[in-house]
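The structure appears right after this line, and notes come after that.
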Amino acid sequence: MKTYLASALVEVLTQFDGTPPDFAPEFEKPKNSEHGDLATNAAMQLARHLRRPPRRIAEELAEALRARPLDPARIASVEAAGSGFVNFRFATEYLAEEMRALLAAGEAFGRGETGKGKRALVEYVSANPTGPLTVGHGRNAVLGDTVANLLAWSGYDVTREYYFNDAGRQMRVLGESVQARYQAVIDPDAPRKQIDAGGASVEVPASFPEDGYLGAYITDIAERLHAESENPPDPDGDAAPFKEAAEKAIFADIERTLDRLGIRMDTYFNERSLYENDAVWRALQALRDAGHCYDRDGAVWFRTTAFGKEQDTVLVKRSGEPTYRLPDIAYHVDKCDRGFDRIVDILGADHIATYPDVLHGLRALGRDADRVEVMVHQFVTLVRGGAPVKMSTRRATYVTLDDLMDEVGEDVTRFFFLMRSPNAHLEFDLDLAKEASDKNPVFYLQYAHARICSILRKAAETGFCDEGADWSLLAHPAEIALMKVLLRFPEVLAQAAAAREPHQAANYLREVAVAFTQFYGHCRIIGEANDLAAARMQLARAARIVLSNGLQALGVSRPERM
RNA sequence: GCGCCCGUAGCUCAACCGGACAGAGCGGCGGACUUCUAAUCCGCAGGUUGCAGGUUCGAGUCCUGCCGGGCGCGCCA
């Protein structure tokens with residue numbers, strides 16, 4: 001429709017002296033529906049060139065378009081309005097045609113082609129296996145998974161990747177923590193000590209690392225290792241077997257948690273592999289060769305001041321061990337070299353400062369860093385009874401993602417993480433989330449879907465047939481409004497995918513549910529005259545398709561009964 | 001001190017590339033159930049978009065400065 005109007009407008013504009021030859025009119029959907037279905041601000045943009053008031057140009061344009069004339073099956077009216085807008089109103093026949101196309105597309109309605117033939121990699125979650133996923137990981141996971149979904153709806157071939165490191169200091173401490181608990185399981189009388197945990201004093205086994213992991217899951221792992229292992233590890237030996245057992249158990253938990261959210265990763269990328277295939281050292285050498293590195297104080301530095309940073313950055317510590325930045329760069333080189341057209345990283349706000357180094361590293365190594373996009377999301381605050389829930393990783397008093405899902409359910413968890421713009425802090429109201437009522441936006445959406453299913457079931461029981469319905473019978477404001485909302489779906493999905501902002505889709509679906517529920521309230525289906533009932537049922541089917549496809553893209557279930 | 005994000009209705013948040021009268025939900029107030037799911041609907045109230053300048057036909061949106069909040073600024077990840 002936009003291209004049709006644009007060509008018509010360009011054609012008309014040839015009569016207007018002073019129009020720039022490359023002028024490309026812009027169209028937008030007016031916020032206020034009284035202003036029509038589509039509007040152009042061409043008159044305002046041309047005011048300078050034509051040296052006439054915008055309002056007058058708009059009137060001349062509208063008149064010229066009406067004289068042309070425009071296809072009456074598509075455009076019902078053209079009017080100048082406001083300070084210089086030209087407003088277009090769609091013909092009902094056009095709506096009907098689009099609605100038939102919607103129903104014909106069915107489950108494919110909303111699929112786009114912008115990513116056709118292209119491959120995208122979305123990296124998310126990427127929590128090291130040191131403990132259960134927290135609420136913070138949850139936002140990352142759901143955001144990443146939904147961005148991946150949206151890219152898939154745009155036609156991309158999408159790979160979902162989880163990057164982790166099981167070789168660092170964190171994991172060593174994890175192994176030692178399990179080992180200490182294990183020793184205490186075997187010998188309950190073993191000596192104990194007090195350590196400080198974020199201000200509170202906690203009693204732990206004497207061998208427990210000062211910065212060890214205090215969560216109860218560590219003790220669980222130790223106990224299970226003791227109870228289930230056929231050849232139990234030497235309690236006083238090397239910590240490695242404990243680390244391995246912990247990693248295995250924790251990873252299994254993480255996968256189970258992700259599975260509850262409907263998240264299945266395609267690939268798990270172990271940082272260690274970048275050492276095994278020498279990629280880390282090759283990256284370092286390449287950076288050296290390109291003149292971006294120097295040695296000082298026994299460490300290897302990355303000249304990040306050359307990119308405008310205040311300080312240079314250490315890539316290899318005096319100990320000979322790389323900082324995480326170097327493998328990060330090598331990892332992104334690997335991602336680039338795997339030939340993806342789009343590479344999206346989902347990061348929490350605490351990692352904002354790190355990614356510029358990675359991008360600079362990529363450029364320094366001759367890779368196209370523009371293909372890499374970093375989506376930073378802000379933190380989550382849980383609110384219960386109007387007050388924030390206090391969490392501390394150190395004291396292990398955080399709420400896990402599983403706890404959250406146990407309390408409010410998987411669908412609510414997913415949807416709440418998606419409702420807000422990623423770069424806004426997310427306040428997760430547990431009381432609202434738990435409420436199974438219309439106040440809860442998830443239930444509101446699902447209820448609309450279930451309601452339509454109920455109507456269709458009822459109609460099917462009586463053998464009612466709504467095929468070949470006459471769309472022109474639909475003239476009620478609620479019917480027209482619903483149709484117009486439904487037809488926006490492909491554009492909304494495309495926009496949400498392009499911006500990597502799932503909340504745009506989530507907010508839109510609420511609009512769909514509202515429009516449907518209003519239609520439902522005003523227009524009966526079953527019991528009306530057959531031809532009207534058939535047309536309305538077609539409209540209800542269309543609404544179900546949009547709700548269903550939209551919820552699917554967001555990863556929320558689509559119940560047929562509630 | 002420096003960098004990034006945020007500041008919009010009582011609360012939580014929207015607002016596509018700068019567009020028309022800044023919109024939803026919750027909460028508040030007032031109505032509606034012989035009905036295909038009342039987990040619903042209809043109506044009302046509620047705003048100097050943190051403050052001050054600037055850019056222009058037009059600014060919540062862009063620029064500058066300030067105020068307030070979050071997150072970073074490690075040879076931790």
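As the structure is a computational prediction, the values presented were derived from the model and not from experiment. Heavy atoms only: backbone and side chains are in, while hydrogens, waters and symmetry mates are out. The sequence lines fix the lettering, A, B, ..., with proteins before strands; numbering per chain opens at 1.
Of the candidates B:A77, B:C36, B:C42, B:C36 carries the atom nearest the A:Ile525 side chain, counting heavy atoms from C-beta on. Proximity note for A:Arg420 (side chain, C-beta onward) versus B:A39, B:C75, B:U12: the nearest is B:U12.
A tilted orientation is assigned to the rings of A:Tyr331 and A:Phe269, their planes being inclined by 30° to 60°. Ring-plane geometry between A:Phe164 and A:Tyr268 is classed as perpendicular, the angle between the planes exceeding 60 degrees on a 0 to 90 degree scale with a lower cut at 30.
Taking the charged nitrogens against the carboxylate oxygens, A:Arg363 and A:Asp370 do have a contact shorter than 4.0 Å, which makes a salt bridge. Ion pairing between a basic and an acidic side chain is recognised when a charged N comes within 4.0 Å of a carboxylate O; A:Glu123 and A:Lys335 show such pairing. Using a 4.0 Å cut-off between a side-chain N of Lys or Arg and a carboxylate O of Asp or Glu, A:Glu60 and A:Arg52 qualify as a salt bridge. Electrostatic pairing of A:Asp295 and A:Arg288 counts as a salt bridge here, judged by a charged N lying under 4.0 Å from a carboxylate O. A salt bridge does not link A:Glu321 to A:Arg169: none of the charged nitrogens lies less than 4.0 Å from a carboxylate oxygen.
Checking B:G68 for Watson-Crick or G-U wobble geometry (two distances, each under 3.5 Å) identifies B:C6 as its partner. For B:U37, there is no paired base (Watson-Crick or G-U wobble, both distances below 3.5 Å).
A:His503 comes within 4.0 angstrom of the backbone, heavy atoms only, and of no base. Nucleic acid contact class of A:Tyr444 (heavy atoms, under 4.0 Å, all strands): sugar-phosphate only. Residue A:Ala39 is classed as a base contact, given a heavy-atom separation below 4.0 Å to a base. Among the protein residues, A:Ala47 comes within range of no part of the nucleic acid, since none of its heavy atoms lies under 4.0 Å from any strand. Contact annotation for A:Thr517: backbone-only contact, meaning every heavy-atom pair under 4.0 Å involves sugar-phosphate atoms and none involves a base. Here A:Ser319 lies out of heavy-atom contact (under 4.0 Å) with every strand. A:Pro53 comes within contact range of no nucleotide atom at all, as no heavy-atom separation falls under 4.0 Å. Counting non-hydrogen atoms under 4.0 angstrom, A:Cys523 reaches a base of the nucleic acid. Contacts of A:Asn128 with the nucleic acid, taken as non-hydrogen atoms under 4.0 Å apart, involve only primed sugar atoms and P, OP1 or OP2. Note on A:Ala450: a base of the nucleic acid sits closer than 4.0 angstrom, heavy atoms only.
Between A:Lys317 and B:C76 there is a side-chain polar atom (N or O) within less than 4.0 angstrom of OP1 or OP2. For A:Gln518 and B:C42, the shortest distance from a side-chain N or O to OP1 or OP2 is below 4.0 Å. OP1 or OP2 of B:C36 has not a single side-chain nitrogen or oxygen of A:Ser454 nearer than 4.0 Å. Considering only side-chain N and O atoms, A:Tyr508 lies nowhere under 4.0 angstrom from the phosphate OP1 or OP2 of B:A14.
The nearest whole Å value for the distance from the CG atom in A:Leu509 to the P atom in B:A24 is 18 Å. At whole-Å resolution of the value, CD in A:Glu310 and P in B:G3 are 8 Å apart. The CZ atom of A:Arg325 sits 10 Å away from the C1' atom of B:C73 (whole-angstrom rounding). Atom OH in A:Tyr355 sits roughly 20 Å away from atom P in B:A77 (whole-Å rounding). Put simply, CZ on A:Phe519 is 15 Å from C1' on B:U37, counting in whole angstrom units. Between A:Arg451 atom CZ and B:C36 atom P there is a gap of 11 Å when expressed in whole angstrom units. In this structure, CD of A:Glu501 is placed 7 Å from P of B:A15, rounded to the nearest angstrom. Regarding A:Ile352, its CD1 atom lies at a distance of 10 Å from the C1' atom of B:G70, rounded to whole Å.
Here the separation of B:C44 from B:A39, taken at their C1' atoms, is 24 Å to the nearest Å. The P atoms of B:A24 and B:A15 are separated by 15 Å, rounded to the nearest whole Å. Separation of the C1' atoms belonging to B:A52 and B:C71 is 27 Å when rounded to the nearest angstrom. Taking atom C1' on both B:G46 and B:U56, the two are 32 Å apart, rounded to the nearest angstrom. Straight-line distance between the C1' atoms of B:C26 and B:A9: roughly 12 Å, to the nearest whole Å. A gap of 15 Å separates the C1' atoms of B:G65 and B:U55, to the nearest Å.
Where A:Ala81 and A:Arg561 meet RNA chain B, the nucleotide closest to each residue was compared, and A:Ala81 sits on the side nearer the 5' end.
No donor-acceptor contact under 3.5 angstrom links the side chains of A:Arg451 and A:Thr517, judged on distance only. At a cut-off of 3.5 Å, with distance as the only test, a side-chain donor of A:Gln538 or A:Asp466 sits close to an acceptor on the other residue.
Residue-environment remark: CZ (A:Arg296) exceeds the threshold of 12 foreign heavy atoms within 6.0 Å.
With a glycosidic angle further than 90° from 0, B:C5 counts as anti.
Not less than 6.0 angstrom separates the ring centroid of A:Phe23 from the ring centroid of A:Phe16.
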Measure all distances between protein nitrogen or oxygen atoms and nitrogen or oxygen atoms of nucleotides 26-34 of chain B, and list the pairs falling under 3.5 Å.
| residue | atom | partner | partner atom | Å |
| --- | --- | --- | --- | --- |
| B:G27 | OP1 | A:Lys439 | NZ | 2.9 |

Review item, nucleotides 17-19 of chain B N/O atoms under 3.5 Å of protein N/O:
| residue | atom | partner | partner atom | Å |
| --- | --- | --- | --- | --- |
| B:G19 | N7 | A:Asn41 | ND2 | 3.1 |

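A:His449 places a side-chain N or O within donor-acceptor distance of the main-chain N or O of A:Pro559, the cut-off being under 3.5 Å.
By the 5.5 angstrom centroid cut-off and the 30-degree plane limit, A:His425 is classified as not stacked against the base of B:G70.
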